Amino acid sequence: MAGAFQTVPFRGSPRPTIGIEWEIALVDKASRDLSNTAAAVFDAVGDLRAHDGTPQVTKELLRNTVELVTGVHETVGGAVEDLRATMNAVRRAADPLGVDLFCAGTHPFAAWSAQQLTRSPHYDELIERTQWWGRQMLIWGVHVHVGVSHQDKVFPILNSMLLSYPHLLALSASSPMWSGDDTGYASNRALMFQQLPTAGLPFQFENWRQFEGFVHDQVKTGVFDQLGGMHWDIRPAPKWGTIEVRVCDGLSSRTELASMAALIHCLIVDLDQRLVNGETLPTLPPWHVQENKWRAARYGLDAIVIVDDASNERLVTDDLADLLTRLEPTARRLGCADELAAVADIPRHGASYQRQRRVAAHTQGDMVAVVDSLVRELDQ
């Protein structure tokens, strides 16, 4: 790869803005199975756009899904209010169709083989290439974009964000069930998604030029023809001038969405400021990052995670408590102190994977009851 590169312009964001993409599943009001009615919902909603022209409701791979997208915001509160208004519009469109909305990393009992695909050249190529694994992607997530001012900051921040990967996954884990069975994992979604050839953990490049060399190699060998085909769990989004964090399972309530968005916003802005102050940001070896991902996916909030390059370990919730304290000043500057403080409520009340298991236990394994609980939670 020496000397080979493809220029990838990074737009840069002068302020640490935030944008959120929230994938929402459509479920039948009676059966609670997934409903392949996205096209009808889109027709009823019409062309919703944010103040900056961003489409607020977009299509996804499967026709049981709508994605809610915010415009560019200065605060988490503004972005979440944006999503609330869009959610209300989608709900008004879905209700006459006999459809409810819910969000989790997976549906507790739906069959992947019954789902219809959204037709587009991009999605058609994805399925042609990935075959069985591509068709299995019956999963939902949340993506958070945070503005970064210059490309030279991107990989120092991205690489250091990987220390917080297990915290984000454990807190958001909401996919314990698959095809009616408990998988034993807090986030089955995280391990399923990484089966796609361009998904999973990012490479830890030293600088932007190395990344450009990687892009050159991928394009030349046909791995992808546009950066959107690179489905890393954390990735640069050069077109928007952001780092996009895609670690989280689908978040089951608006309160949890706001909390996790605040945590991500604060993490990136804190690392950015430390970089500006001349600090060398901490990193983990790739083998520790990979192990932490697996531990968080398997054990959720009970995971013992590796916290530094000296291989020291700690219960993820203990490390989270110190992390939240450290980020409090950043949260106050960003106007999301309340949302960040609410992150601590997730371990206290139980993450979504734990709540889903409680409902299943109380109803003798009734997966319809689990979906009912997720539908109720969405506006909480």
Side-chain angles (χ1 to χ4, degrees), residues 20 22-29 31-34 65 68 80 83-84 87 91 100-110 138-142 166-193 247-264 295-303 315-318 320-321 324 339-380:
I20 305 172
W22 194 9
E23 294 173 351
I24 301 295
L26 307 174
V27 293
D28 184 86
K29 286 180 179 287
S31 70
R32 290 313 195 197
D33 202 349
L34 288 169
T65 301
L68 312 185
V80 173
L83 288 172
R84 185 196 63 78
M87 176 81 74
R91 184 173 280 117
D100 274 328
L101 313 179
F102 98 112
C103 188
T106 56
H107 187 281
F109 65 85
L138 197 56
I139 55 178
W140 298 270
V142 168
H167 308 66
L168 298 176
L169 183 57
L171 288 162
S172 67
S174 61
S175 50
M177 319 290 187
W178 181 257
S179 295
D181 295 321
D182 192 317
T183 65
Y185 283 78
S187 175
N188 192 47
R189 167 200 153 272
L191 301 186
M192 287 194 65
F193 189 49
V247 173
C248 296
D249 270 9
L251 289 159
S252 302
S253 75
R254 194 163 62 236
T255 299
E256 285 184 342
L257 178 81
S259 298
M260 295 305 298
L263 178 55
I264 291 167
R295 292 184 186 186
R298 170 65 178 88
Y299 300 109
L301 294 171
D302 294 320
L315 179 66
V316 69
T317 48
D318 289 344
L320 174 68
L324 293 177
E339 290 92 340
L340 182 72
V343 171
D345 292 337
I346 297 175
R348 284 197 286 266
H349 299 154
S352 181
Y353 76 93
Q354 295 170 315
R355 301 195 301 271
Q356 290 178 52
R357 283 179 170 149
R358 284 202 296 261
V359 172
H362 291 159
T363 59
Q364 293 75 52
D366 185 353
M367 295 297 171
V368 169
V370 176
V371 178
D372 281 339
S373 70
L374 289 165
V375 169
R376 288 194 299 270
E377 284 189 7
L378 195 59
D379 284 324
Q380 294 176 4

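Computed from a predicted model, the values in this text were never measured in an experiment. Computed from heavy atoms alone, side chains included, the values below leave out hydrogens, waters and symmetry copies.
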K.L.:
For residues S187 and D249, is any side-chain donor paired with an opposing acceptor at under 3.5 Å?
P.N.:
yes
K.L.:
Go through the structure and list residues passing salt bridge (Lys or Arg N to Asp or Glu O under 4.0 Å) with E377, not counting sequence neighbours.
P.N.:
R355
K.L.:
Any side-chain heavy atom of L340 sitting closer than 4.5 Å to one from L263?
P.N.:
yes
K.L.:
What residues, two or more places apart in sequence or in another chain, satisfy salt bridge (Lys or Arg N to Asp or Glu O under 4.0 Å) together with D182?
P.N.:
R357
K.L.:
Filter on side-chain hydrogen bond (donor to acceptor under 3.5 Å, both in side chains), then keep only pairs touching residues 358-375, sequence neighbours left out; what's left?
P.N.:
R32-D372
K.L.:
State which residues pass side-chain contact (heavy atoms from CB on, under 4.5 Å) with S31; sequence neighbours excluded, sorted by chain then number.
P.N.:
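With sequence neighbours excluded, S31 shows a side-chain contact (heavy atoms from CB on, under 4.5 Å) to D28, D33, given in chain and number order.
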K.L.:
What is the distance from atom CG of L315 to atom CG of L301, rounded to the nearest 0.5 Å?
P.N.:
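L315 atom CG to L301 atom CG measures 8.5 Å (nearest 0.5 Å).
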K.L.:
So which atom in V370 and which in P108 form the shortest heavy-atom distance, rounded to 0.1 Å?
P.N.:
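Looking at all heavy atoms of both residues, the closest pair is CG1-CG, 3.7 Å.
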K.L.:
Give a yes or no on whether the backbone of L251 and the side-chain of S172 come within a donor-acceptor separation of less than 3.5 Å.
P.N.:
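Looks like no, no N/O pair under 3.5 Å.
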K.L.:
I need the I20 CD1 to L257 CG distance, nearest 0.5 Å.
P.N.:
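So the gap between those two atoms works out to 5.0 Å.
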K.L.:
Is there side-chain contact between R295 and V316, with heavy atoms separated by less than 4.5 Å?
P.N.:
no
K.L.:
Roughly how far, to the nearest 0.5 Å, is the CD1 atom of I24 from the CE atom of M87?
P.N.:
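It comes to 4.0 Å.
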K.L.:
What pair of heavy atoms forms the shortest contact from T183 to S175, and how long is it?
P.N.:
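Shortest heavy-atom separation between T183 and S175 comes out as OG1-O, 4.3 Å.
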K.L.:
Rounded to the nearest 0.5 Å, what separates atom CG in D100 from atom CZ in R91?
P.N.:
7.5 Å
K.L.:
Hey, are the side chains of L34 and L26 touching, using non-hydrogen atoms and a 4.5 Å cut-off?
P.N.:
no
K.L.:
For A110 and S179, work out which heavy atoms get closest and say how close.
P.N.:
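A110 and S179 have their closest heavy atoms at O-OG, 4.0 Å.
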K.L.:
With sequence neighbours excluded, what pairs up with A321 under the side-chain contact (heavy atoms from CB on, under 4.5 Å) test?
P.N.:
none
K.L.:
How long is the span from the CD atom in Q380 to the OG1 atom in T255, to the nearest 0.5 Å?
P.N.:
7.5 Å
K.L.:
With T65, which residues qualify under side-chain hydrogen bond (donor to acceptor under 3.5 Å, both in side chains), at least two apart?
P.N.:
W140
K.L.:
Between the side chain of Q356 and the main-chain N/O of S174, is any donor-acceptor distance below 3.5 Å?
P.N.:
yes
K.L.:
Between F109 and V371, is a side-chain contact (heavy atoms from CB on, under 4.5 Å) present by the stated rule, with each step listed?
P.N.:
CA-CA 9 Å; F109 65 85; V371 178; 3.8 Å; yes
K.L.:
If only atom types and distance count, is the side chain of Y185 paired as donor or acceptor with the main-chain N or O of A190 below 3.5 Å?
P.N.:
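Checked: no pair found.
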K.L.:
Just jot down the ring-ring contact (aromatic ring centres under 6.0 Å, His included) partners of F193, sequence neighbours excluded, or say none.
P.N.:
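Applying ring-ring contact (aromatic ring centres under 6.0 Å, His included) to F193 gives none.
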K.L.:
Roughly how far, to the nearest 0.5 Å, is CZ of R298 from CG of L191?
P.N.:
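CZ of R298 is found 10.5 Å from CG of L191.
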K.L.:
Identify the heavy atoms of V343 and S259 that sit nearest to each other, and give their distance.
P.N.:
CG2-O, 3.3 Å
K.L.:
Taking all non-hydrogen atoms of both residues into account, name the closest pair between M260 and I346 and its distance.
P.N.:
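Reported closest heavy-atom pair: SD-CD1, 4.1 Å.
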K.L.:
Under the rule for side-chain hydrogen bond (donor to acceptor under 3.5 Å, both in side chains), what residues qualify as partners of S252, not counting sequence neighbours?
P.N.:
S352
K.L.:
How far apart are the closest heavy atoms of Y299 and Y353, and which atoms are they?
P.N.:
O-OH, 3.5 Å
K.L.:
Of all residues at least two apart in sequence or in a different chain, which pass the salt bridge (Lys or Arg N to Asp or Glu O under 4.0 Å) check with R254?
P.N.:
D379
K.L.:
Please name all residues satisfying salt bridge (Lys or Arg N to Asp or Glu O under 4.0 Å) with E339, sequence neighbours left out, ordered by chain then number.
P.N.:
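Not a single residue meets the salt bridge (Lys or Arg N to Asp or Glu O under 4.0 Å) criterion with E339.
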K.L.:
Of I264, L171, L169, which is the lone residue that meets side-chain contact (heavy atoms from CB on, under 4.5 Å) with C248?
P.N.:
I264
K.L.:
Looking only at atom types and distance, does a side-chain atom of S253 sit under 3.5 Å from a main-chain N or O of L378, one as donor and one as acceptor?
P.N.:
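No, because the side chain of S253 does not come within donor-acceptor range (under 3.5 Å) of the backbone of L378.
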